[in-house]
K.L.:
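One structure coming up, written as structure tokens, with questions to follow.
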Amino acid sequence: GIRNLPHDAYVKHGIRYEFTNVSQDADTYPILHDRNGVCSEHLQVASAFYGRVRASGGKALFFCVAGQNRSAALAAAALVVAGPAP
């Protein structure tokens with residue numbers, strides 16, 4: 001789980017780390033947006049993180065600690081929200 005990630009090693013190697021905790025594994029859980037199309041907190045966190053990394057010329061890795069494929073959805077959505085590179 002998230003507690004087992006090597007946070008100290010990330011800092012040592014200049015890797016910025018943020019997380020959003022998806023607390024449910026249900027197909028109705030709003031990972032990207034709610035039924036009204038309002039952006040979820042998860043997508044806001046992922047988009048803001050990607051924006052900061054992109055602005056600094058860095059690279060971002062999105063992953064799901066539980067291996068539920070949610071990271072791919074968040075990564076794709078963050079790219080769409082960010083739009084084309086300048």
Side-chain angles (χ1 to χ4, degrees):
I2 216 164
R3 288 187 239 21
N4 298 325
L5 296 175
H7 301 286
D8 293 338
Y10 293 164
V11 172
K12 178 181 175 183
H13 294 287
I15 298 171
R16 287 181 283 175
Y17 169 80
E18 290 189 37
F19 73 95
T20 177
N21 187 11
V22 177
S23 59
Q24 297 180 22
D25 272 336
D27 61 0
T28 57
Y29 188 73
I31 294 171
L32 301 178
H33 56 78
D34 66 17
R35 290 182 180 193
N36 298 318
V38 176
C39 184
S40 72
E41 178 183 349
H42 306 295
L43 182 52
Q44 290 173 17
V45 168
S47 294
F49 174 69
Y50 179 68
R52 287 190 301 277
V53 170
R54 181 176 170 177
S56 70
K59 297 177 182 175
L61 170 66
F62 290 80
F63 70 97
C64 177
V65 173
Q68 300 289 325
N69 299 316
R70 296 175 286 219
S71 54
L74 275 174
L79 288 169
V80 168
V81 169

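Along the sequence shown, residues are numbered consecutively beginning with 1.
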K.L.:
Quick check for you: to the nearest 0.5 Å, what is the distance between L32 atom CG and Q44 atom CD?
P.N.:
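CD of Q44 is found 12.0 Å from CG of L32.
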K.L.:
Give a yes or no answer on whether the side chain of D34 reaches the backbone of N36 with a donor-acceptor pair at less than 3.5 Å.
P.N.:
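Yes, because the side chain of D34 sits within donor-acceptor range (under 3.5 Å) of the backbone of N36.
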K.L.:
To check you understand the geometry: which heavy-atom pair defines the closest contact between R54 and G83, and what is its length?
P.N.:
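Where R54 meets G83 most closely, the heavy atoms are NH1-O, 3.0 Å.
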K.L.:
At their closest point, which heavy atom of A46 faces which heavy atom of L74, and how far apart are they?
P.N.:
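Where A46 meets L74 most closely, the heavy atoms are CB-CD2, 4.1 Å.
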K.L.:
Got a sec, which residues hit side-chain contact (heavy atoms from CB on, under 4.5 Å) with V81, two or more places apart in sequence or on another chain?
P.N.:
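In terms of side-chain contact (heavy atoms from CB on, under 4.5 Å), with neighbours along the sequence ignored, V81 is linked to L43, S47.
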K.L.:
Do Y50 and V45 sit in one hydrophobic cluster, given that two such residues count as connected whenever their side-chain heavy atoms are within less than 4.5 Å of each other, even indirectly?
P.N.:
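No; V45 is not reachable from Y50 via cluster members.
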